[in-house]
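Accompanying notes for the structure given below.
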Amino acid sequence: ERMKLPYELFISFKYLKGRHKQKFVSLITLISVFGVIVGVMTLIVVLAVMSGFQREIRSKILGINAHIFVLNLRGPFENYEKIAQKVKEVQNVVGVAPFVYSQVMISSGQKVAGAVLKGIEPDTVTKVTNLKSILKLGNLDCLKDKSNTKHTLPAIILGKELAKNLGVWIGNEVSVISPFGQITPMGQIPKVKKFLVYGIFVSGMYEYDSSLAYISLKDAQSFFDLGNAVSGLEVKVRDIFKAKEIAQQIQKKLGFPFWTR
């Protein structure tokens with residue numbers, strides 16, 4: 001009648017308390033409890049660190065990249081406004097922005113660096129990436145048409161490490177060289193255009209900070225002789241973990257030759 005506790009709890013309490021003759025059992029109990037405490041604490045700390053690290057890396061990557069890219073197997077495509085509208089109609093899509101993307105050489109004086117030049121629209125890019133938050137100097141408005149009236153040169157935004165490698169900063173001129181230039185009787189001549197550094201961004205990831213530069217979408221289209229075409233569309237979705245499924249829906253809706261990444 002005294003033993004109203006469940007059998008397991010009765011055994012547990014018996015060994016937790018321990019009698020004077022059972023000091024060794026009490027010591028084992030203390031060591032066991034302490035071991036469980038340390039084990040659980042270690043697990044929680046490791047999980048917290050990994051979760052924080054994952055979140056930090058994700059935020060840095062999304063400062064530069066959108067959740068989904070919509071590209072065309074045939075290369076740059078026109079009528080991107082209509083394509084963007086179709087993408088917006090897909091459920092859980094919260095933002096769409098066009099971009100132009102190509103590799104170039106950037107020079108300043110005797111210094112030269114290879115870089116990826118990306119043409120963007122300041123108004124739409126903020127809907128798909130956190131570029132504004134990583135822009136440490138300057139403003140995205142410099143890439144708008146009416147903002148460059150004081151200077152004849154178009155604006156360019158460089159990664160901090162790229163600017164350091166070129167030895168330039170805000171207010172300095174750089175030359176952008178494209179290998180896809182004009183074909184003359186003397187052969188292919190690279191296309192060169194001067195830009196003024198208006199902004200510096202710091203993503204915290206060396207690969208991006210040392211090899212990426214931004215100009216306006218129209219300047220990029222003009223420089224690469226694309227007319228009204230773009231390299232692709234960037235898409236932001238409501239839930240990043242459903243990006244793959246939404247990308248498949250977009251690809252199915254647009255059909256060949258469009259594909260998503």
Side-chain angles (χ1 to χ4, degrees), residues 56-66 69 97-181 189-226 230-232 234 236:
E56 183 71 16
I57 291 293
R58 189 188 302 144
S59 68
K60 284 180 178 179
I61 292 171
L62 295 179
I64 297 287
N65 293 311
F69 291 96
F99 69 93
V100 168
Y101 186 91
S102 186
Q103 291 187 329
V104 295
M105 298 287 283
I106 302 179
S107 69
S108 175
Q110 297 298 313
K111 296 181 177 180
V112 181
V116 170
L117 192 65
K118 195 169 181 182
I120 55 170
E121 286 181 337
D123 293 329
T124 56
V125 76
T126 52
K127 296 176 182 176
V128 296
T129 67
N130 301 323
L131 184 57
K132 193 175 278 187
S133 65
I134 65 169
L135 196 62
K136 300 302 177 186
L137 291 171
N139 197 301
L140 281 177
D141 290 341
C142 70
L143 300 182
K144 291 183 179 178
D145 293 338
K146 295 177 182 178
S147 63
N148 296 358
T149 51
K150 293 180 183 177
H151 301 279
T152 53
L153 295 177
I156 190 168
I157 296 172
L158 303 176
K160 185 182 177 182
E161 297 300 328
L162 179 58
K164 195 185 291 183
N165 293 339
L166 291 169
V168 296
W169 209 244
I170 301 289
N172 294 142
E173 290 182 15
V174 293
S175 296
V176 176
I177 306 151
S178 170
F180 309 107
I189 300 175
K191 193 171 185 179
V192 183
K193 190 171 184 178
K194 284 187 177 292
F195 286 82
L196 193 70
V197 181
Y198 269 78
I200 302 289
F201 72 84
V202 182
S203 70
M205 300 186 76
Y206 183 81
E207 290 80 4
Y208 291 126
D209 293 343
S210 63
S211 62
L212 189 57
Y214 291 97
I215 60 173
S216 74
L217 187 73
K218 286 189 176 180
D219 285 336
Q221 288 172 328
S222 171
F223 185 63
F224 296 116
D225 296 320
L226 292 175
V230 296
S231 302
E234 292 180 296
K236 184 177 182 179

For the residue pair L217 and G119, what are the closest heavy atoms and their distance? CD1-O, 3.6 Å
Do I64 and F201 come close enough that some side-chain heavy atom pair is under 4.5 Å? yes
From K160 NZ over to K136 NZ, what is the distance, rounded to the nearest 0.5 angstrom? 9.5 Å
Given side-chain contact (heavy atoms from CB on, under 4.5 Å), test T126 with L131 step by step and report yes or no. CA-CA 7 Å; T126 52; L131 184 57; 6.0 Å; no
Counting only N and O atoms by type, is there a donor-acceptor contact under 3.5 Å from the side chain of S222 to the main-chain atoms of K218? no
If you apply the rule side-chain contact (heavy atoms from CB on, under 4.5 Å), what do you find for L117 with Q103, and how did you get there? CA-CA 6 Å; L117 192 65; Q103 291 187 329; over 6 Å; no
Just checking, K118 and Y214: is the charged tip under 6.0 Å from the six-membered ring centre and within 45° of the axis? no
Sub-3.5 Å donor-acceptor pair from the side chain of S231 to the main-chain atoms of Y101, do we have one? yes
Side chains of V192 and V176: does their closest heavy-atom pair fall under 4.5 Å? no
I156 vs L196 side-chain heavy atoms within contact, under 4.5 Å: no
In plain terms, say whether D209 and K164 are close enough for a salt bridge, that is, a side-chain N and a carboxylate O under 4.0 Å apart. no
Would L137 and Y198 count as a side-chain contact (heavy atoms from CB on, under 4.5 Å) if you check the C-alpha gap in whole Å, the side-chain angles of each, and the deciding distance to 0.1 Å? CA-CA 8 Å; L137 291 171; Y198 269 78; over 6 Å; no
Interatomic spacing from OG1 in T129 to CD1 in I120 - rounded to 0.5 Å: 7.0 Å
Do V104 and I106 have side chains that approach each other closer than 4.5 Å (heavy atoms only, starting at C-beta)? yes
State, with a plain yes or no, whether a side-chain heavy atom of V100 is found less than 4.5 Å away from one of F223. no
Tell me the closest heavy-atom pair linking S107 and L166, and the distance in Å. CA-CD2, 4.3 Å
Taking the side chain as C-beta and beyond, is there a heavy-atom pair between P98 and E121 under 4.5 Å? yes
Nearest 0.5 Å please: distance from the CD atom of E161 over to the CD atom of E207. 10.5 Å
side-chain contact (heavy atoms from CB on, under 4.5 Å), that's the test. Do L162 and L212 meet it? Break it down for me. CA-CA 7 Å; L162 179 58; L212 189 57; over 6 Å; no
Kindly indicate whether the side chain of V230, heavy atoms from C-beta on, has any atom under 4.5 Å from the side chain of Q221. yes
To the nearest 0.5 Å, how far apart are NZ in K236 and OG1 in T124? 13.0 Å
All heavy atoms of C142 vs all of A155, minimum pair found to be O-CB, 3.5 Å
Between N139 and K132, is any pair of side-chain heavy atoms under 4.5 Å apart? no
Would you say D219 and S216 are linked by a side-chain donor-acceptor pair, where the criterion is simply a distance under 3.5 Å? yes
Give a yes or no answer on whether the side chain of S133 reaches the backbone of N130 with a donor-acceptor pair at less than 3.5 Å. yes
Closest non-hydrogen contact found for S108 with E173 is OG-O, 3.9 Å
With a 3.5 Å cut-off and no angle check, do the side chains of Y208 and N65 form a donor-acceptor pair? yes
